[in-house]
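Shown below is the structure under consideration.
Values below: every heavy atom of this structure, side chains too, minus hydrogens, waters and symmetry copies.
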Amino acid sequence: MPEGPELHLASQFVNQACGALVFGGCVEKSSVSRNPEVPFESSAYRISASARGKELRLILSPLPGAQPPQEPLALVFRFGMSGSFQLVPREELPRHAHLRFYTAPPGPQLALCFVDVRRFGHWDLGGKWQPGRGPCVLQEYEQFRENVLRNLADKAFDRPICEALLDQRFFNGIGNYLRAEILYRLKIPPFEKARSVLEALQQRRPSLKLTLSQKIKAKLQNPDLLELCHSVPKEVVQLGGKGYGSESGEEDFAAFRAWLRCYGMPGMSSLQDRHGRTIWFQCPAGRKSRKKKSKATQPSPEDRVEDPSPPSKALSRTRRAKRDLPERTATQRPEGPSLQQDPEVPTVPKKGKRKGRQAASGHRRPRKVKADTPSLDPEGTSAS
């Protein structure tokens, strides 16, 4: 899915492609989108963009004398799983163009489109960044670093480092492929406790004897995790194109794929974190990794600081169920959605076990079959 670099590249694309264009008329929304209508109409306006973490702000600015008189309008986009911007001829609108801005005559009409195949993207009116997101890892590095190190007592850092890196309150812009690449470069085990990894950075101070150029050289040669959270996304931006996603064009994607060292690469190992997201990493020599089942059905990490040790194989399922029964209370239920995980990642409903009494004879009571059982929408599943 689009991460910080992709949002930054999208803002660059909008500014470069639309900088000399004049737009006019109403903003059109597709009939199938559940996002709000955009109440904006002007005979002549320009479009500009900026990005912060995993959000992009679009500003519609009327030109002097444009009718009707209109104040500038700002929209904030979150791209979800597949959002992007495209500039196309009006008669060649992409199938999933859910918001459209048209150029004003004369000349062939073009359309700037927000394209979102899976429809998990959002836009909000008003132009305010989503509350609760931390500083951008790309453009607000000093504030980002300070925000992390100042808040290491937060329960977010009780979790494994691979999960903490997806917490947008502290790592705004980091997503699945970036966390894999960052941890791989530092050879940090993905399920190491986040606080244990980050506390050492509070004590890191460059020697007072070093000159400025020597300090810079030392940082470049031995970057820490927070420095890589800034420099690794920057490398993706410098690749150009649209970054992650084969829909960006084979040439663009080939450059990105050649840049990858860990994420989805042959020879790498993978496991699932407690939220069902796949983390790629390099397994130590002589060890074999195995796919773990998602722990998404367990109480949330806010309720459980550390995972319990794996149960003994000697215990049967029945004995484990009896043992756990008194401990399951209402206070241990997972909390609602928050910015702990990236809010654009859709939640996949889990299949539960049907509970029912068993007849004295030992036979199960037949289940009732619903005639109209809707199938799961394929767009409701998330890619790792």
Notebook entry, point to check: Does the side chain of Arg133 reach to within under 4.5 Å of the side chain of Arg52, using non-hydrogen atoms?
Noted result: yes

Next item on the list: Verify, without hydrogens or angle tests, whether Gln139 (side chain) and Ala51 (backbone) share a donor-acceptor contact under 3.5 angstrom.
Entry: yes

Check: So, for Phe114 and Phe77, is the gap between ring centers shorter than 6.0 Å?
Finding: yes

Check: Looking at side-chain heavy atoms only, is the closest gap between Arg100 and Leu112 below 4.5 Å?
Finding: no

Next item on the list: State the CG-CZ distance between Asn147 and Phe171, to the nearest 0.5 angstrom.
Entry: 9.0 Å

Checklist line | Positive for side chain to side chain contact (heavy atoms under 4.5 Å, CB included) with Val137, one of Ile174, Leu178, Leu228 | finding: Ile174

Checklist line | Side-chain touch Leu125/Pro39, heavy atoms, less than 4.5 angstrom | finding: yes

Check: Looking only at heavy atoms, what is the nearest atom pair of Leu56 and Ser11, with distance?
Finding: CD1-N, 3.5 Å

Item checked: Steps toward side-chain contact (heavy atoms from CB on, under 4.5 Å) verdict (Gln12, Val237) -> CA-CA 10 Å; Gln12 287 185 347; Val237 172; 4.2 Å; yes

Checklist line | Test salt bridge (charged side-chain N to carboxylate O under 4.0 Å, His left out) applied to Glu192 - qualifying residues, sequence neighbours left out | finding: none

Next item on the list: Quick one: closest heavy-atom pair of Val14 and Ser48, and the distance?
Entry: CG1-C, 4.5 Å

Next item on the list: With rounding to the nearest 0.5 Å, note down the distance linking CE in Met265 to CD in Gln282.
Entry: 12.0 Å

Margin query: Please identify which of these residues, Lys128, His122, Arg78, meets the side chain to side chain donor-acceptor pair (under 3.5 Å) condition with Glu55.
Written below: Arg78

Notebook entry, point to check: With the 4.5 Å side-chain cut-off for hydrophobic clustering, are Phe170 and Leu138 part of the same group?
Noted result: no

Notebook entry, point to check: Any link between Val88 and Leu58 through a network of hydrophobic side chains (Ile, Leu, Val, Met, Phe, Trp, Tyr) touching at under 4.5 Å?
Noted result: no

Next item on the list: May I ask whether Leu152 and Val197 are part of the same hydrophobic cluster, defined by side-chain heavy atoms of I, L, V, M, F, W, Y residues being less than 4.5 angstrom apart, directly or through others?
Entry: yes

Note to self: Nearest 0.5 Å, please: how far is CZ in Phe13 from SG in Cys18?
What the structure shows: 6.5 Å

Next item on the list: Quick one: closest heavy-atom pair of Pro189 and Ile161, and the distance?
Entry: O-CG2, 3.6 Å

Item checked: salt bridge (charged side-chain N to carboxylate O under 4.0 Å, His left out) involving Arg261 - partner list, sequence neighbours excluded -> none

Notebook entry, point to check: Distance-only, no hydrogens or angles: does the Glu146 side chain make a donor-acceptor pair with backbone N or O of Gln143 under 3.5 Å?
Noted result: no

Notebook entry, point to check: About how many Å separate CZ of Arg145 and CG of Leu225, when rounded to the nearest 0.5 Å?
Noted result: 9.5 Å

Next item on the list: Tell me, with the steps shown, if Leu87 and Leu21 meet side-chain contact (heavy atoms from CB on, under 4.5 Å).
Entry: CA-CA 11 Å; Leu87 185 66; Leu21 298 177; 3.9 Å; yes

Next item on the list: Without swapping roles, check the side chain of Glu181 against the backbone of Val232 for a donor-acceptor pair under 3.5 Å.
Entry: no

Checklist line | Trp259 and Glu235: CA distance, side-chain angles, deciding distance, side-chain contact (heavy atoms from CB on, under 4.5 Å) verdict | finding: CA-CA 9 Å; Trp259 171 84; Glu235 289 178 17; 2.8 Å; yes

Note to self: Is there a side-chain contact between Asp273 and Pro190 in this structure, where contact means two heavy atoms from C-beta onward sitting under 4.5 Å apart?
What the structure shows: no

Item checked: Student check: side-chain heavy atoms of Glu140 and Asn172 closer than 4.5 Å -> no

Margin query: I'd like to check His96 versus Val115 (side-chain heavy atoms, cut-off strictly below 4.5 Å). Are they in contact?
Written below: yes

Notebook entry, point to check: Is Glu91 atom CD crowded by more than 12 heavy atoms from other residues, nucleotides or ligands, each under 6.0 Å away?
Noted result: yes

Item checked: Sidechain-backbone polar pair: Asn35 side chain, Gly121 backbone, donor-acceptor under 3.5 Å -> yes

Next item on the list: Determine yes or no for a side-chain-to-main-chain donor-acceptor pair under 3.5 angstrom, with Glu3 supplying the side chain and Tyr177 the backbone.
Entry: yes

Checklist line | Phe157 six-ring centre to Lys155 NZ/CZ under 6.0 Å and within 45° of normal | finding: no

Checklist line | Non-hydrogen atoms of Gly83 and Pro2 that approach each other most closely | finding: O-CG, 3.7 Å

Note to self: Which heavy atom of Pro62 sits nearest to which heavy atom of Gln70, and what is that distance?
What the structure shows: CG-O, 3.2 Å

Check: Should Tyr45 and Leu73 count as side-chain neighbours, where that means a heavy-atom distance under 4.5 Å?
Finding: no

Margin query: Within this structure, what is the CG-CZ distance for the pair Leu271 and Arg277, rounded to the nearest 0.5 Å?
Written below: 15.0 Å

Item checked: Minimal non-hydrogen separation, Ser61 against Ile59, with atom names -> OG-CG2, 3.5 Å

Check: Please walk me through it: do Arg159 and Asp167 pass salt bridge (Lys or Arg N to Asp or Glu O under 4.0 Å)?
Finding: CA-CA 11 Å; Arg159 305 187 207 112; Asp167 193 326; 3.7 Å; yes

Next item on the list: Please answer whether the main-chain N or O of Gly173 pairs with a side-chain N or O of Gln168 as donor and acceptor at a distance below 3.5 Å.
Entry: yes

Note to self: For residues Leu93 and Phe85: do they belong to one hydrophobic cluster (side chain heavy atoms under 4.5 Å, members Ile, Leu, Val, Met, Phe, Trp, Tyr)?
What the structure shows: no

Check: So how far is it from His98 NE2 to Trp123 CH2, rounded to the nearest 0.5 Å?
Finding: 7.5 Å

Next item on the list: With sequence neighbours excluded, tell me which residues meet side-chain contact (heavy atoms from CB on, under 4.5 Å) with Ala180.
Entry: Cys262, Tyr263, Ile279, Trp280

Next item on the list: Could you go through the side-chain contact (heavy atoms from CB on, under 4.5 Å) check for Leu226 and Leu149 one step at a time?
Entry: CA-CA 10 Å; Leu226 297 181; Leu149 296 180; 3.9 Å; yes

Margin query: Less than 4.5 Å apart, side chain to side chain, heavy atoms only: is that true for Phe23 and Phe40?
Written below: no

Next item on the list: Tell me whether Leu63 is reachable from Ile47 by hopping between hydrophobic residues (I, L, V, M, F, W, Y) whose side-chain heavy atoms are closer than 4.5 Å.
Entry: no

Item checked: Donor-acceptor pair, side chain of Ser82 and main chain of Arg118, under 3.5 angstrom -> yes

Margin query: Counting only heavy atoms not in Lys234 (residues, nucleotides, ligands), do more than 12 fall under 6.0 Å from its NZ?
Written below: no

